[in-house]
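What follows is one structure encoded as structure tokens, with my remarks underneath.
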Amino acid sequence: MNVSLLQLCLLLFLFCSKSSDKKCFIESDENIAIANKKSFYDEQFFDKNPEYLQVISLKKYRSFKNDSIDNVYNPSSNSQEEGKYADFKNKFDIQFIFSNVQIFGKFKYCLGRNFLGYWLLKIDSDKTAAYFLGLSLSRYYINTTQTKPIINKGFLELEGSFVKIEDVEGLPGYKGFSATEDGKLFRIDPALRNAVT
């Protein structure tokens with residue numbers, strides 16, 4: 001008896017409620033209100049940095065322009081560097097573009113970059129780990145040439161710039177990067193980074 005009463009309640013609910021068209025579609029514009037008209041790429045959005053990231057302005061620095069030009073137009077230095085990244089290429093295959101290797105005892109660290117952003121890569125004997133830094137390519141540029149070790153006193157310290165994507169004049173449909181603020185030191189506290197993620 002309970003089952004048939006439950007079935008009767010279900011049938012009444014289905015037949016007596018609004019049709020799915022009326023539930024899912026709005027027939028007029030008068031009930032529509034746009035709460036936030038700001039673009040997702042609003043400047044205010046870009047002014048916010050993750051809590052674990054400290055940004056320090058440098059007095060002496062390598063500019064975005066110089067670093068990016070050297071990487072594109074100096075292939076001989078890139079081929080000489082290939083041996084440094086051999087272990088990372090063997091372990092991580094073609095997932096990343098590598099830069100800035102640093103060795104601490106049996107640990108090897110390297111900065112990796114892919115379409116998602118920047119990563120800290122680690123090799124411990126045969127174990128590998130990749131830690132996403134939360135730094136996207138559309139907002140941050142990390143210099144390929146670092147003047148200091150990337151790991152310093154327990155912090156990950158990376159020299160670079162804030163960048164933005166913009167249309168390249170004379171090349172319709174092509175987007176490029178330009179620096180909005182040069183000469184930055186991005187310092188990541190691993191303890192805070194792990195607490196946030």
Side-chain angles (χ1 to χ4, degrees), residues 41-85 88-89 92 95-104 107-123 130-171 174-194 196-197:
Y41 295 102
D42 189 61
E43 288 301 317
Q44 215 173 15
F45 170 77
F46 283 119
D47 288 341
K48 303 231 184 260
N49 291 313
E51 291 176 19
Y52 55 85
L53 178 67
Q54 182 181 7
V55 180
I56 302 165
S57 293
L58 300 171
K59 291 181 181 174
K60 285 184 71 179
Y61 58 87
R62 183 176 170 84
S63 72
F64 164 76
K65 184 177 182 180
N66 288 340
D67 193 74
S68 55
I69 287 174
D70 283 353
N71 289 327
V72 172
Y73 295 110
N74 198 355
S76 62
S77 69
N78 291 339
S79 62
Q80 292 168 357
E81 303 269 319
E82 293 291 318
K84 262 197 326 191
Y85 307 119
F88 289 94
K89 285 184 178 184
F92 291 99
Q95 298 176 53
F96 300 101
I97 297 170
F98 307 101
S99 64
N100 304 300
V101 172
Q102 190 169 345
I103 300 172
F104 282 121
F107 300 112
K108 291 183 182 180
Y109 295 94
C110 180
L111 189 65
R113 184 182 79 213
N114 65 13
F115 67 95
L116 294 173
Y118 293 96
W119 300 71
L120 180 64
L121 308 176
K122 178 182 172 184
I123 298 175
Y131 304 98
F132 183 60
L133 300 177
L135 305 178
S136 69
L137 301 175
S138 62
R139 171 80 172 126
Y140 303 92
Y141 176 81
I142 305 301
N143 291 350
T144 305
T145 304
Q146 297 285 317
T147 58
K148 297 178 183 173
I150 60 173
I151 298 173
N152 184 21
K153 298 178 185 173
F155 292 93
L156 179 62
E157 295 184 337
L158 305 165
E159 296 173 14
S161 305
F162 285 115
V163 294
K164 68 178 179 178
I165 300 172
E166 60 185 14
D167 293 326
V168 176
E169 200 172 309
L171 296 172
Y174 183 77
K175 306 262 185 212
F177 293 95
S178 70
T180 58
E181 293 180 55
D182 254 337
K184 300 297 177 189
L185 179 70
F186 302 113
R187 179 181 286 162
I188 296 176
D189 183 344
L192 285 177
R193 173 71 181 120
N194 292 336
V196 172
T197 56

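Note that the numbering runs from 1 along the sequence shown for the chain. What you see is a predicted model, and the numbers here were worked out from it, not measured in a lab.
- The salt bridge (charged side-chain N to carboxylate O under 4.0 Å, His left out) check on K122 picks up nothing, with sequence neighbours excluded.
- For the side-chain hydrogen bond (donor to acceptor under 3.5 Å, both in side chains) test, residues two or more places apart in sequence or in another chain that qualify with E166 are S178.
- The closest side-chain heavy-atom distance from I142 to R113 is not below 4.5 Å.
- Counting heavy atoms from C-beta on, the side chains of L133 and L53 never come closer than 4.5 Å.
- Between Y118 and F132, the shortest heavy-atom distance links the atoms O-CD1, 3.5 Å.
- With hydrogens and angles ignored, the 3.5 Å screen pairs a side-chain donor or acceptor of T180 with a backbone N or O of F162.
- The backbone N or O of L185 sits nowhere less than 3.5 Å from a side-chain atom of E157 that would complete a donor-acceptor pair.
- For F186 and Y140, the ring centers sit closer than 6.0 Å to each other.
- The closest side-chain heavy-atom distance from S99 to Y85 is below 4.5 Å.
- Between K84 and F98 the shortest side-chain heavy-atom distance does not fall below 4.5 Å.
- Distance check: Y52 OH to L156 CG gives 10.5 Å after rounding to the nearest 0.5 Å.
- Two residues are said to be in side-chain contact when any heavy atoms from C-beta on lie closer than 4.5 Å; T147 and R62 fail this criterion.
- Atom OH of Y174 sits in a sparse spot, with 12 or fewer heavy atoms from other residues, nucleotides or ligands closer than 6.0 Å.
- Counting only heavy atoms from C-beta outward, the side chains of K175 and D167 approach each other to under 4.5 Å.
- The CZ atom of F92 lies 5.5 Å from the CD1 atom of I123; values are rounded to the nearest 0.5 Å.
- Taking the side chain as every heavy atom from C-beta outward, F88 and F96 never approach each other to under 4.5 Å.
- Formation of a donor-acceptor pair under 3.5 Å by the Q102 side chain with backbone atoms of I150 is found in this model.
- Side-chain contact between F155 and I188 is absent, with no heavy-atom pair separated by less than 4.5 Å.
- Expressed to the nearest 0.5 Å, how far CZ of F177 lies from CZ of R139 amounts to 13.0 Å.
- Within a 6.0 Å sphere centred on NZ of K184, other residues, nucleotides and ligands contribute more than 12 heavy atoms.
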